[in-house]
Amino acid sequence: MSLYRRIGEEVARRADALWSVASALHADPETAFAEHRAAALLSGELEGAGFEVRRGVAGLPTAFTARSGRGRPVVAFPLEYNALPGLGHACGHNLIAAAGLGAALVLDAVREGAEGTVLAVGTPAEEGGGGKALEVEAGVFDGVDAALMFHPGVYDWMRAPLTAQEQYRVSFRGRAAHPTGNPTEGIDALAALIELFNVLSALGRRLPEGSHVQGIITQGGTATNIVPEYAEGRFGLRALTTAALDELAGQLSTAAEGVALATGTVVSVERASVRYEHFRDSPALSERFAGHLDRAGITLTGPAPGVYLGSSDIGNVSGRVPAIHPFVAIMGAGGSDHTPEFAEAAASQRARQVLLAVVEALACTAADVLGDAGLGGAAPGRGLRPGASRGRCRTGFTGRTSPWRGRCRCPRWGRRCC
């Protein structure tokens, strides 16, 4: 009997159990870095199947790894399981977790002691917390030959058009004064922040495709009869590539510094989030996955031009490990994730059918990698030391020039870390 056929039969045997896990996660949503019950359920399933489980990896209480086998190649299945506040599993992470779990269990059950390692990686807080990015920095994905996962969606797309993104906190400090009694003594920090919004609005008209800045005012003063001495905003930056994100961050810093100079304020620009890199697809692995999924009657195509589906910390993994992140529809293209309707779809009969088809396709693709370690090719960032980031310091440098050029010394890796 062929290996693919054995995988298909093992998926069928485990179908009810895998759907039970997906349903249990859906019924008990937990938000970023608070996924204690989800992590316990998933790691417990793997431990019960004989995997060697390590909990709390990368210093994250709800992260884990589960390993079976020995030597190379190493195939990793990232499991996402955080939910959205107020919406539950409106991004379908219950299906991502169950799919990765199922693929790891199925592949381990059928490979009959063959060389290579199956690695399930519990990755908390994909929504905003960057669990995978933190795990990459901690070396969790070191030595991995391929990282395979999928995402439920409203399209059947072979690869994910995921952009790079990060957030910045920009604050202006001026001088308080009475706006009528001594207005010339005041330096209006809020006016400076508003001027930054105006500058960024003008900048937005000439940004390249896929790049944009979205900001909000988080502090703007305390009373209408006091010239605000402090104002603060938070700005979300997105770009098609990580390099383009570097350029955009530099433009934000330049604009803020220019506004400060013009208004007599003092400005501070600080990164306020984990940085998500853009996703780099492994075409060979994505094509293998699509071919396997096609046997279940689900045909994947390339993404529509000009459509981008947000950002994800799988981008950080894909810069160091050949990776896939296809989208498989669980509802029609007129819908959207991060909605109550999508949360409902993540527990539907269609979601069950997609889950089982994806488990089989992931396991078959992983089996291909175990048989040919070079199948996925080399990741773009393979060989970078931990912490290196191709252009912007991961320790938090936020100057407008490129990372170490006479401006900083990395406390971890020395001046030439990037």
Leu240 side, atom CG; Glu209 side, atom CD - distance, nearest 0.5 Å: 6.0 Å
Strictly under 6.0 Å, is that where the ring centroids of [X] and [Y] end up?
X	Y	answer
Tyr276	His278	no
Tyr81	His93	no
Phe235	Phe197	yes
His292	Tyr4	yes

Going by atom types only, do [X] and [Y] share a side-chain donor-acceptor pair under 3.5 Å?
X	Y	answer
Thr62	Glu35	yes
Arg72	Thr117	no
Arg173	Thr265	no
Gln167	Arg271	no
Thr31	Asn82	no

Short N-O contact, Asp281 and Arg159, less than 4.0 angstrom: no
Look at the side chain of Arg275 and the backbone N and O of Gly130, then say whether any donor-acceptor pair between them is shorter than 3.5 Å. no
